[in-house]
Amino acid sequence: QVQLVESGGGLVQAGGSLRLSCAASGRTFSSYAMGWFRQAPGKEREFVAAISRSAGRLYYADSVKGRFTISRDNAKNTVYLQMNSLKPEDTAVYYCAASTSTAQNMGVMRPDYWGQGTQVTVSS
């Protein structure tokens, strides 16, 4: 089992940047594809980005391509989401997720584990 704890959320002005972190428990972090999802008020949770076990493959939602970067450090059991050029429509609770499937599938298959979420608010 994996426990995921996100951090790094907060309030930022449009055009600003934030870096989210997700620390995972356990010794099998490198065996999971990792991803980030978000849920805005009144909307369904949506896929944001995913990274393969070796970090060799990255996947992004069209809405964040060119602005967000996902990365991972398997030695630190941590996955990151660098968010630049933030927009008010990026406002949401951001969730870290771990999957025993592939990173490519994280946008269409429910992950195995979720974090508790961290709030990101972008003011205009």
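Being a predicted model, the structure only gives us computed values, none of them experimental. FYI, the numbering just counts along the sequence from 1.
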Please check if atom CD in Q116 has more than 12 non-hydrogen atoms from other residues, nucleotides or ligands closer than 6.0 Å.
-> yes
Residues S30 and N74: closest non-hydrogen pair is CB-ND2, 3.7 Å
Between CD on residue Q1 and OG1 on residue T28, distance to nearest 0.5 Å = 10.5 Å
List the atom of Q119, the atom of T91, and the distance in Å for their closest heavy-atom pair.
-> NE2-CG2, 4.0 Å
State the OG-CZ distance between S85 and F68, to the nearest 0.5 angstrom.
-> 9.0 Å
Search all heavy atoms of L4 against all heavy atoms of C22 and return the closest pair with its distance.
-> CB-SG, 3.8 Å
Quick check: does any side chain N or O of S31 sit under 3.5 Å from a backbone N or O of F29, one acting as donor and the other as acceptor?
-> no
First locate atom CD of Q13, then atom OG1 of T121, and finally report the distance between them rounded to the nearest 0.5 Å.
-> 13.0 Å
Co-membership, hydrophobic cluster, residues Y95 and I51, 4.5 Å side-chain | no
Single-linkage hydrophobic cluster M83~V122, side-chain heavy atoms < 4.5 angstrom = yes
With rounding to the nearest 0.5 Å, note down the distance linking CG in L58 to OG in S52.
-> 7.0 Å
Please collect all ring pair (Phe, Tyr, Trp, His ring centres under 6.0 Å) contacts where either partner lies in residues 103-124, sequence neighbours excluded, each pair once.
-> Y32-Y113, F37-W114
Which atom pair, heavy atoms only, marks the closest approach of S99 to P111?
-> CB-CA, 4.3 Å
Common cluster, L86/V48, ILVMFWY with side-chain heavy-atom separation under 4.5 Å | yes
Please tell me if the side chains of W36 and V79 come closer than 4.5 Å, counting only heavy atoms from C-beta onward.
-> yes
So which heavy atom on G117 is nearest to which on E6, and how close?
-> N-OE1, 2.9 Å
T118 vs L20, side chain to side chain contact (heavy atoms under 4.5 Å, CB included): CA-CA, chis, key distance, verdict | CA-CA 8 Å; T118 185; L20 305 184; 4.0 Å; yes
Those residues that, when tested against T100, pass side chain to side chain donor-acceptor pair (under 3.5 Å) (two or more places apart) | D112
Rounded distance (nearest 0.5 Å) linking atom OG1 of T69 with atom CG of N84 = 6.5 Å
Are the side chains of Q82 and S17 in touch, meaning some heavy atoms are under 4.5 Å apart?
-> yes
With sequence neighbours left out, the residues meeting salt bridge (Lys or Arg N to Asp or Glu O under 4.0 Å) with R38 are E46, D90
When clusters are formed by joining ILVMFWY residues with side-chain heavy atoms under 4.5 Å apart, either directly or through shared neighbours, do Y94 and Y80 land in the same one?
-> no
Distance, nearest 0.5 Å, that separates OG of S21 from NZ of K76 | 9.5 Å
R67 NZ/CZ over Y60 ring centroid, <6.0 Å and within 45° of normal | no
What pair of heavy atoms forms the shortest contact from V120 to G9, and how long is it?
-> CG2-CA, 4.2 Å
